[in-house]
Amino acid sequence: MAAARPTPFPVDAARAGDLHAITSWRQRQAGAGQVANPVDATFQFDDWRPLQLAAAEGDVRAVETILAAGADPNGCASSRFLPNSSALHVACRYGHAGVVGGLLAAGADGGRPDSLGFAPLHYAAAQGHLRTVEALLDAGAPPLVAGSKLAPPHELARLAGHDRVAAVLAERASSAVDAAADHGA
């Protein structure tokens, strides 16, 4: 007897905030011998996970529902398009501050770089998403990425012409350097 084909993730249920439908789907997948946590599996013909898709769409309710169904807030998939980018990286790239707040509240790592070395703050800064930058900083994301060979986020914002974002980041970076110097003295 052939193995049961996996049923696609119920994207519309996530968008509607229907946790019951996703939980039932997850139980059916686990019962059919599918992956341990099907909520974190990539789509069949794509490199995206459901949480990454919801983050890209800026759908706060879907993100909350998928997280409530057990998705890993730091889960990521590597592909040509997503170099180990978590849902937080994706939300920052598109400037979805509400999604960023929900992911951070669920335990997403605001300082974790992707395989290219870009932290979520790099993406938000380079795109000029001030509210997203502020959400990251307010949640404790470091304004400077330790050990990064990339330009700091404030410099990326400045080079991209996002002067207000650059100023906010430069001020926070300066404060962080000052605080580190005070602790080292």
Just by distance, do the side chain of [X] and the backbone of [Y] share a donor-acceptor pair under 3.5 Å?
X	Y	answer
Gln29	Thr7	yes
Arg49	Cys76	yes
His162	Ala125	no
Trp25	Pro8	yes
Arg112	Asn74	yes
His89	Ala119	no

**Request:** Would you kindly confirm whether Val99 and Val11 end up in one hydrophobic cluster when ILVMFWY residues are joined by side chain heavy atoms under 4.5 Å apart?
**Result:**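 Yes, because Val99 and Val11 connect within a single hydrophobic cluster, where side-chain heavy atoms sit under 4.5 Å apart.
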| field | Same cluster (ILVMFWY, side-chain, under 4.5 Å), Leu104 and Tyr123 | value |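 Cluster IDs for Leu104 and Tyr123 differ.
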For [X] against [Y], the heavy-atom pair lying closest together:
X	Y	result
Pro50	Ala41	CD-O, 3.3 Å
Gly110	Pro120	O-CD, 3.6 Å
Gly107	Pro73	C-CG, 4.1 Å
Ala160	Ala126	CB-O, 3.5 Å
Ala54	Val63	CB-CG2, 3.7 Å
Ala55	Val90	C-CG1, 4.3 Å

Answer yes or no: does atom CZ of Arg131 have more than 12 heavy-atom neighbours from other residues, nucleotides or ligands under 6.0 Å?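 Atom CZ in Arg131 is not packed in, count stays at 12 or less.
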| For the side-chain contact (heavy atoms from CB on, under 4.5 Å) test, which of Leu121, Val165, Val168 pairs with Pro153? |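 Among Leu121, Val165, Val168, the one meeting side-chain contact (heavy atoms from CB on, under 4.5 Å) with Pro153 is Leu121.
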With heavy-atom distances below 4.5 Å as the criterion, would you say the side chains of [X] and [Y] are in contact?
X	Y	answer
Val100	Cys92	yes
Thr132	Tyr94	no
Thr42	Trp48	no
His154	Arg172	no
Phe9	Leu53	no

Atom [atom1] in [X], atom [atom2] in [Y]: separation rounded to 0.5 Å?
X	Y	atom1	atom2	answer
Arg93	Phe118	CZ	CZ	9.5 Å
Leu137	Glu171	CG	CD	10.5 Å
Asn84	Leu116	CG	CG	8.5 Å
Leu156	Gln127	CG	CD	10.5 Å
Ile22	Gln27	CD1	CD	12.5 Å
Ser174	Leu169	OG	CG	12.5 Å

Show, in sequence, the C-alpha distance, side-chain angles and deciding distance for Arg61 and Glu64, and conclude whether the salt bridge (charged side-chain N to carboxylate O under 4.0 Å, His left out) test is met.
CA-CA 5 Å; Arg61 180 169 36 177; Glu64 290 171 348; over 6 Å; no
Between Thr23 and His20, do the side chains contain an N or O donor and an N or O acceptor separated by less than 3.5 Å?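 Absent: no donor and acceptor within the cut-off.
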Could you walk me through whether Val39 and Ile66 pass side chain to side chain contact (heavy atoms under 4.5 Å, CB included), step by step? CA-CA 7 Å; Val39 176; Ile66 294 166; 3.7 Å; yes
Notebook entry, point to check: Does the side chain to side chain contact (heavy atoms under 4.5 Å, CB included) test come out yes or no for Leu67 and Leu51, once each step is laid out?
Noted result: CA-CA 8 Å; Leu67 287 168; Leu51 190 57; 3.8 Å; yes
